[in-house]
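Working notes, structure below.
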Amino acid sequence: MEQGGVSERLFNKEIIPSIRKRSWQLPYSDISIERPGWSKLLILAGASTTIGLSQTVGYNLGVVNTPAEVIKKFCNDTIFNRYGQYPGKYQLDLIWSFIVSMFLVGGAVGSLGGSYLADKIGRKGVLILCTVFQILSAILFLVSKPSGLMELLFIGRLLSGFASGLTTTVVPMYLIELAPLHLRGAIGVLCPLGLTIGVLAGQILSMHNILGNTNYWPHCLAVYAVPVILTALILPILPESPKYLFVIKKQHHLAFQQLKRIRKTGENSIRLEIEELKKEQVNNEKSTADNWNLRRVLTDRSLLLPLLLVCSLQSGQQLSGINAVFFYSNRIFIAAGLSVEEREMATIGTGICNCLMAILSIWTMSRFTRRLCIQVSLLTSAVCLITLGVSIMYIELYPWVAFLSIVGVLGFVLCYGIGLGPIPYFVGSELFEVGPRPTAMALGSMCNWGGNLIVGLTFPTLQLTIGSASFFIFVAVVLGLFVFLRAYLPETKGKDISEIVQLCSPGLALSTLETNAEESSQDIEKLNKVDA
């Protein structure tokens, strides 16, 4: 301990002052030459966490769709063997809804606990915890069929969901804290990109001719453990977040060593990062002193509008119907009259569209304003949902309408990816200052997983009771969100956080409406210039 204290004092007294002293002597060209890029360690961290952890979240979202009937048959037979009678169709659908939704319950709990655990046991500590829970859940999936215990599916989905909630909270934080300033935008999209890759992988591997059949469905549910195990072997090599070590743990010397290890450059090239970390440490101490707890965030009137915006965006993203498309698209394609092979290919098509839009969103977010992207996304998504609902309503009268329903599904996924998909995940960090931001983001994350859970539980019942009209409920949600965001969402792109806070300070007052109306007019003028 004494040796570590000596190193820390030497770092504070000698290294940082020497960096400051020499900073004005460094020519601009030298700084440019030493500018850190994609080091091998940074690439390894991004690839391993994206493929080994982020993609497992998407995989568990998409894998239960195609083999649903096969797994429901296992549950049906299990109940008969145990109680001597088969459950009714409604009871079986309810059991299946709970199996699907356990993942979402775990995700909600994990997302709320992610920020707390990240500060308590470190970013790497949370990643290790994620791998343990994911591997354990995969084992439960594998033994569920030979043991005849469908309860293991509930527990496995819950544990996997908890690990997924931790993943979506901590992995983006970890990667952005590892990256140099000019690469944070590029590395920030890796987590959502991993999600979309995972959904597509789940859709492909769950095809009937691959793993989504009576013999191999447990392996289908558990195969994601392979990249997770590989990630678990790589994790000891990866560095801890320098920001966590410097700002939270105040282990300055160790943070400096980790930065040098990640960047593989001299101390001069990381001097600006050290200065940035010192500023963040000061801001963190101030925000901690302000004691922004849950009660204060909920009762502070100046935070009313941004909190409503974050929660409505996060919940609206899920209540828009995207969950219904990914969880129950197989039912939609059955209603469209497609064969088994055609249904599988159509489901994979939705995953491909989702991946393409995740990649394209990098360009759209840098090219257009947040307000324009979200409004276009909401309006076009509403059109696609109406198309989907109407086409399924008349599918038995006109056979060609089956293809129209497929267009509605794929079109919705594309339009969703324009703005409704990516924006809710990061806009909250642009609406709140450092103090209330973690609590506000946790509330938004809870709304996201909660909205996901509501759709997962209610959509099967809605389809049984009102059929295709259930999609019109999603239309109402999307249009309602459009009206609210058009009126009150300020433009956050290219603006300082203090300016955004000032825009939100009137709350739901008329002045906010007038400001956003002016910004909408400016957006339309800019779009017309682009078209011209």
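What you see is a predicted model, and the numbers here were worked out from it, not measured in a lab. Hydrogens, waters and symmetry mates play no part in the numbers below; they use all other heavy atoms, side chains included.
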### Lys/Arg-Asp/Glu bridge criterion (N-O < 4.0 Å) met for E240, R123
no

### Query
Is a side-chain donor or acceptor of S39 paired with a backbone partner of I262 at a separation under 3.5 angstrom?
yes

### Task
Taking only Lys NZ, Arg NE, NH1 and NH2, and the carboxylate oxygens of Asp or Glu, determine whether R82 and E151 approach each other closer than 4.0 Å.
yes

### Task
Looking only at non-hydrogen atoms, find the nearest pair between G194 and T50 and report the distance.
CA-CG2, 3.7 Å

### Task
Provide the closest heavy-atom pair for S312 versus L481 in the form atom of the first, atom of the second, distance.
O-CD1, 3.7 Å

### Task
Would you mind reporting whether I322 and L420 have side-chain heavy atoms less than 4.5 Å apart?
no

### Task
Looking only at non-hydrogen atoms, find the nearest pair between S320 and Q317 and report the distance.
OG-O, 2.7 Å

### Query
Should L152 and S147 be marked as a side chain to side chain contact (heavy atoms under 4.5 Å, CB included) after you check the CA-CA gap, both sets of side-chain angles, and the distance that decides it?
CA-CA 9 Å; L152 297 182; S147 65; 3.6 Å; yes

### Task
Measure across S144 and W217 and return the closest heavy-atom pair with its distance rounded to 0.1 Å.
OG-CH2, 3.7 Å

### Task
Go through the side-chain N and O atoms of S164 and Y59 and say whether any donor and acceptor fall under 3.5 Å apart.
no

### Query
Closest approach of V100 and V64, non-hydrogen atoms and distance?
CG2-CG2, 4.3 Å

## Note on the structure
Here the gap from T49 atom OG1 to L127 atom CG, rounded to the nearest 0.5 Å, amounts to 7.0 Å

### Query
Does the pair S206 and L211 meet the rule for a side chain to side chain contact (heavy atoms under 4.5 Å, CB included), with working shown?
CA-CA 5 Å; S206 63; L211 293 177; over 6 Å; no

### Atom pair CG/SG of L414 and C353 - distance to nearest 0.5 Å
4.5 Å

### Message
Please report the interatomic distance CZ(F103) to OG(S137), rounded to the nearest 0.5 Å.
### Response
9.0 Å

### Query
If you measure from OH on Y244 to CD on E177, what distance do you get to the nearest 0.5 Å?
10.5 Å

#### Entry: Qualifying residue, where the test is side chain to side chain contact (heavy atoms under 4.5 Å, CB included) with I473 and the options are V478, I466, L319
I466

#### Entry: Side-chain heavy atoms of L142 within contact of L221, under 4.5 Å
no

### Task
Mind listing the closest non-hydrogen atom pair of L104 and N452 along with its distance?
CD1-O, 3.1 Å

#### Entry: Side chain to side chain, I418 and M357, heavy atoms closer than 4.5 Å
yes

### Query
Can N448 and S315 be said to form a side chain to side chain contact (heavy atoms under 4.5 Å, CB included), step by step?
CA-CA 5 Å; N448 188 289; S315 60; over 6 Å; no

### Message
I want to check something: taking the side chain as every heavy atom from C-beta on, are L175 and C191 in contact at a cut-off of under 4.5 Å?
### Response
no

### Interatomic distance, L479 atom CG to F472 atom CZ [nearest 0.5 angstrom]
12.0 Å

### Query
In terms of ring plane angle, is the pair Y216 and H219 parallel, tilted or perpendicular, where the classes change at 30° and 60°?
perpendicular

### More than 12 heavy atoms from other groups under 6.0 Å of CZ on F484
yes

#### Entry: Backbone of S48 reached by a side-chain donor or acceptor of T231 within 3.5 Å
yes

### Query
Can you find a pair of side-chain heavy atoms, one from I197 and one from L193, that are under 4.5 Å apart?
yes

#### Entry: Greater than 12 external heavy atoms within 6.0 Å of M446's CE
no

### Query
When you look at F412 and V383, which way does the side chain to side chain contact (heavy atoms under 4.5 Å, CB included) test go after all the steps?
CA-CA 8 Å; F412 174 68; V383 172; over 6 Å; no

### Message
In the structure I gave you, are the side-chain heavy atoms of I128 and I121 within less than 4.5 Å of one another anywhere?
### Response
no

### Message
Rounded to the nearest 0.5 Å, what separates atom CG in L303 from atom CG in L431?
### Response
10.5 Å

### Task
Kindly indicate whether the side chain of Y174, heavy atoms from C-beta on, has any atom under 4.5 Å from the side chain of L178.
yes

### Query
Is a donor on one side and an acceptor on the other found under 3.5 Å between the side chain of K124 and the backbone of L235?
yes

### Task
Decide whether N60 and S160 meet the rule of one side-chain donor and one side-chain acceptor closer than 3.5 Å.
yes

### Task
Spell out, as yes or no, whether a donor-acceptor pair under 3.5 Å connects the side chain of S377 to the backbone of C373.
no

### pair I374-L313: side-chain heavy atoms closer than 4.5 Å
yes

